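Reviewing the structure listed below.
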Amino acid sequence: MSLPEGVERRAFDGTERFATRGEPVYGEPTDGPWRAWNPHRSKLGAMLELGLDTGLVGGETTLYLGAAAGTTVSHVADFAGPTYAVEFAARPMRDLLDAAESRPRLYPLLADARSPEEYAHVVEPVDVVVQDVATRGQAAVATTNARFLREDGRLLVAIKARSEDVTRDPEGIFEDALAELRAAYEVLETERLAPYHDDHLGVVARPVDGR
Amino acid sequence: MSDHEGWFAGLDPDDRVGAVERVRAGGTGTPAEWPDLAVASGFAADADEYYEKLHEATTTAAREQVRERERADDQQLKHGIRAMDDARRTANELAERVAEWAGSRDDDAGTGVAYARELAESTPPGDGGDAGNSGGDADDPGERLRALAARTAALADEADELERFVETAAHDVAPNLAAMAGPVLAARLISLAGGLEALAKMPSSTVQVLGAEEALFAHLRGSAPSPKHGVIFTHEYVRGTPEDERGSAARALAGKLTIAARVDRYSGERRPELDAELDERIRTIRTRGDGS
């Protein structure tokens with residue numbers, strides 16, 4: 001798997017880690033203009049670390065759903081093109097706004113990822129949708145946002161079993177979620193995000209017609 | 001703004017306040033090549049200028065919304081959840097009335113809010129023999145029934161809207177509690193306690209039985225066993241735990257919920273490790289319950 005342009009492996013305190021160039025956001029170690037990308041705090045970082053074929057090359061127009069305080073989306077904005085960051089809760093949005101200050105192509109949107117009509121008048125068609133939302137119905141969020149993806153675009157989603165049902169076996173939850181995703185996507189690759197994130201499934205998918 | 005227009009449509013290129021309002025207002029459900037359209041319509045000279053304007057409008061809008069939402073307080077949340085419960089209960093009661101009434105007129109009448117909605121959307125039977133426009137006839141029992149069904153459906157919709165409001169507000173008012181309990185249960189606890197501060201000051205043994213006051217006072221009078229849980233019973237960690245370990249699960253959950261409420265009241269920082277600690281504790285309790 002090749003890394004997207006703008007993401008490099010660099011040594012921080014003797015350990016090789018992924019890094020992007022930008023203002024630090026969450027107290028991560030830096031090396032000149034580079035800042036380390038912590039896969040333990042970022043599902044997308046874990047997907048890259050585990051070698052999933054994300055199809056990212058750098059410079060993509062991106063819609064990020066569940067941006068939270070901007071830990072991951074700030075790295076995305078460092079190497080991607082225009083990056084739309086949707087977050088539902090006000091408190092983390094305050095930190096996301098700080099991250100957006102030094103990133104002119106990062107657009108924070110305080111909106112509910114379950115309701116695209118709250119932001120479709122702002123968000124253009126994108127090459128990549130990255131999704132990390134911790135609500136029930138994660139697959140439904142992905143399918144309703146399929147409308148934003150260009151034909152050859154990619155969905156990169158981390159499905160959190162605990163958000164769907166804390167008691168059910170994660171394997172069954174993932175199967176159901178994948179089945180639901182297939183209404184709008186072709187699933188290309190899946191991988192558990194352990195040891196970085198417990199009970200999370202990383203999924204790479206591309207939109208199918210008739211979404 | 002019409003259905004298929006971008007946030008900049010019809011805006012003066014220098015109208016910054018208008019731009020922020022448009023970003024906040026929402027609109028079309030369909031994305032389009034907004035940068036190209038904005039340049040074509042003269043809103044921006046080129047894509048670079050468009051993205052500059054977009055950055056300013058989105059960050060300003062988000063900052064305004066954050067400021068407003070953070071003013072959202074626990075009292076509004078309390079009223080929201082109470083109104084939601086009232087609206088839902090009343091909608092269900094009215095749906096029962098509609099079903100009973102409809103059953104007297106139609107053997108195939110259904111039940112519940114779904115049936116009320118179906119009935120409200122149905123067109124009045126056009127038998128033509130009646131006094132012309134039977135649809136608007138206030139004395140026609142069928143019309144009264146349909147109108148009642150329509151109100152029932154509308155009330156159920158309002159309950160859904162209120163739930164949406166509660167979900168948003170709970171995350172703003174008490175992010176840790178909402179994450180751990182789910183927004184609706186978080187709102188119920190705040191509502192039962194009378195506010196976030198009151199909840200934060202409660203011992204966890206009180207939080208454990210909030211909503212079970214009747215059972216608690218029966219117990220204190222000496223006529224009943226102590227209640228194991230109140231409204232937190234709706235949490236999967238209590239309900240999904242085998243009965244003989246449920247008291248332990250309820251106590252563990254109440255303990256962590258109390259801590260979450262205190263963090264929310266006095267610090268406001270999100271502390272995801274609280275959830276992990278609770279998960280671990282419940283896992284232990286449940287394995288113990290399996291007899292292993």
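Naming: A, B, ... by sequence-line order, numbering from 1 per chain. Note that the coordinates shown come from a computational prediction; the quantities given were computed from them, not determined experimentally.
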B:Pro31 side chain near A:Glu124 side chain, heavy-atom distance below 4.5 Å:
no
Please check: side-chain N/O of B:Trp7 versus main-chain N/O of A:Val123, any donor-acceptor pairing under 3.5 Å?
no
Side chain B:His171, main chain A:Ala90, donor-acceptor under 3.5 Å:
no
Does the distance from a Lys or Arg side-chain N to an Asp or Glu carboxylate O, for A:Glu118 and B:Arg24, drop under 4.0 Å?
no
Please classify the contact of B:Arg63 with chain A as side chain, backbone, both or neither, using a heavy-atom distance under 4.5 Å.
both
Heavy-atom nearest pair, A:Arg162 first then B:Tyr237, reads NE-OH, 3.9 Å
Drop me the distance from B:Thr168's OG1 to A:Leu110's CG, to the nearest 0.5 angstrom.
9.0 Å
How close do B:Ala62 and A:Pro108 get, heavy atom to heavy atom, and via which atoms?
CB-O, 4.1 Å
Would you mind checking if B:Glu236 and A:Arg168 are paired as a salt bridge, meaning a charged N to carboxylate O distance below 4.0 Å?
no
Checking A:Arg103 against chain B: side chain, backbone, both or neither under 4.5 Å from a heavy atom?
backbone
Contact class of B:Asp279 relative to chain A, heavy atoms under 4.5 angstrom
side chain
Thinking salt bridges, do A:Arg105 and B:Glu52 make one under a 4.0 Å N-O criterion?
no
Is it the side chain or the backbone of A:Val122 that comes within 4.5 Å of chain B heavy atoms, both, or neither?
both
May I ask you to check whether over 12 heavy atoms, not counting those of B:Glu33, lie within 6.0 Å of atom CD?
yes
Counting only heavy atoms not in B:Gln75, do more than 12 sit closer than 6.0 Å to its CD atom?
yes
Tell me, side chain or backbone of A:Leu96 under 4.5 Å from chain B's heavy atoms, or both, or neither?
neither
Which one, B:Gly240, B:Ala179, B:Gly182, B:Ala32, leads in non-hydrogen pairs under 4.5 Å with chain A?
B:Ala32
To the nearest 0.5 Å, atom OG1 of B:Thr59 lies from atom CG of A:Asp98 at 11.5 Å
Could you tell me whether B:Glu273 atom CD has more than 12 heavy atoms of other residues or ligands within 6.0 Å of it?
yes
Tell me if the CG atom of B:Asp12 is crowded by more than 12 foreign heavy atoms within 6.0 Å.
yes
Under a 4.5 Å cut-off applied to non-hydrogen side-chain atoms, are A:Pro92 and B:Arg270 in contact?
no
Here the pair of heavy atoms bringing B:His55 nearest to A:Pro104 is CD2-O, 3.1 Å
Would a distance-only check, ignoring hydrogens and angles, find a side-chain to backbone donor-acceptor pair under 3.5 Å from A:His121 to B:Val23?
yes
Is A:Asp112 in contact with chain B via its backbone, its side chain, both, or neither, using a 4.5 Å heavy-atom distance?
side chain
Looking at CD of A:Glu117 and OG1 of B:Thr28, how far apart are the two atoms once the value is rounded to the nearest 0.5 Å?
9.0 Å
Chain B heavy atoms under 4.5 Å from A:Tyr119: which part of the residue, side chain, backbone, both or neither?
neither
Ring geometry between A:Tyr107 and B:Tyr51 (parallel below 30°, tilted from 30 to 60°, perpendicular above 60°)
parallel
If you take all heavy atoms of B:Val66 and A:Arg94, which pair is closest and at what distance?
CG1-CG, 4.3 Å
Heavy-atom cut-off 4.5 Å, strictly under: side chain, backbone, both or neither for B:Arg283 against chain A?
neither
